[in-house]
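These notes concern the structure reproduced below.
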Amino acid sequence: LTFDHVGNILVSGALSDTIDFDNGPGVLLLGPTNPFNDGDFICKLDTAMNLVWAKVNASGGAHFYREIAVSKNTGNIYYVAQCWGTAFANVDPNNSVYTLPVAPFSAYRTYMLKLDSLGNTKWITAMAATGNNYPEGLAIDKDENLTLGGSFQSNFYFNPLSPSPT
């Protein structure tokens, strides 16, 4: 849970079934789109608690350790999560499928995405470790530099297709 520069509320969390994100008379049913029936979501509510938009992210398995941060200057939204799955890792925030690279040495990967204030995807990137990895903190400064905190076992690859850890 966080707030943007005009007081809108951004919420992220996990879901394991289809839910109605529209808290008014409308209906916006979203749910996981993978065989494990697991995913995570990001939604934006205005200051009167009306739904502005909602996005569901899905992968080949469970999602854990979600963090969200918002730029106070631009309203850009940064989101990081851990996902598990060896078959595929797709993130689908705009009804477009982005296939994240799957590291051959780990079933766990961390992904980070940037959305603009309207919920449009600007970019997505993935990271992985040879053991478990846990994104546990995300901060943004006034120049939109990001700091990602967390822990990992063994080697951590900021580029999972890289031949050596960085």
Hey, quick one: are Phe21 and Leu1 part of the same hydrophobic cluster, counting side-chain heavy atoms closer than 4.5 Å, chains of contacts allowed?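 Yes, because Phe21 and Leu1 connect within a single hydrophobic cluster, where side-chain heavy atoms sit under 4.5 Å apart.
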
Same hydrophobic cluster for Leu118 and Leu10, using side-chain heavy-atom links shorter than 4.5 Å among ILVMFWY?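 Shared cluster, no.
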
Under a 4.5 Å cut-off applied to non-hydrogen side-chain atoms, are [X] and [Y] in contact?
X	Y	answer
Thr121	Lys55	no
Val11	Phe41	yes
Glu67	Tyr78	no

Within the side chain of Asp20, is there an N or O that forms a donor-acceptor pair under 3.5 Å with the backbone of Leu28?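 Such a contact is found between Asp20 side chain and Leu28 backbone.
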
So, Asn73 side chain and Asp143 main chain: donor-acceptor pair closer than 3.5 Å or not?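 Flag not set: sc Asn73 to bb Asp143 has no pair under 3.5 Å.
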
Heavy-atom closest contact (Leu146 atom, Trp123 atom, distance):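 The answer is CD1-CH2, 4.3 Å.
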
Search all heavy atoms of Ile140 against all heavy atoms of Ala69 and return the closest pair with its distance.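 Scanning both residues completely, I find the closest heavy atoms to be CG2-CB, 4.1 Å.
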
Looking at residues at least two apart in the chain, or sitting in another chain, which of them share a side-chain contact (heavy atoms from CB on, under 4.5 Å) with Leu45?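 Only Ile9, Met49, Leu51 meet the side-chain contact (heavy atoms from CB on, under 4.5 Å) criterion with Leu45.
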
Sequence-distant partners of Asp46, side-chain contact (heavy atoms from CB on, under 4.5 Å), two or more places apart: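 Asp46 satisfies side-chain contact (heavy atoms from CB on, under 4.5 Å) with Asn8, Ala48, Asn50, Val52 only.
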
Derivation and outcome, side-chain contact (heavy atoms from CB on, under 4.5 Å), residues Val27 and Asp22: CA-CA 5 Å; Val27 175; Asp22 192 331; 5.7 Å; no

Drop me the distance from [X]'s [atom1] to [Y]'s [atom2], to the nearest 0.5 angstrom.
X	Y	atom1	atom2	result
Asp116	Lys114	CG	NZ	9.0 Å
Ile68	Ile42	CD1	CD1	5.0 Å
Lys122	Asn76	NZ	CG	7.5 Å

What pairs with [X] under side chain to side chain donor-acceptor pair (under 3.5 Å), at least two apart in sequence or on another chain?
X	value
Asn145	Asp141
Ser117	none
Thr2	none

Apply salt bridge (Lys or Arg N to Asp or Glu O under 4.0 Å) to Lys44 and list each qualifying residue two or more places apart in sequence or on a separate chain.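 Here the qualifying residues are Asp4.
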
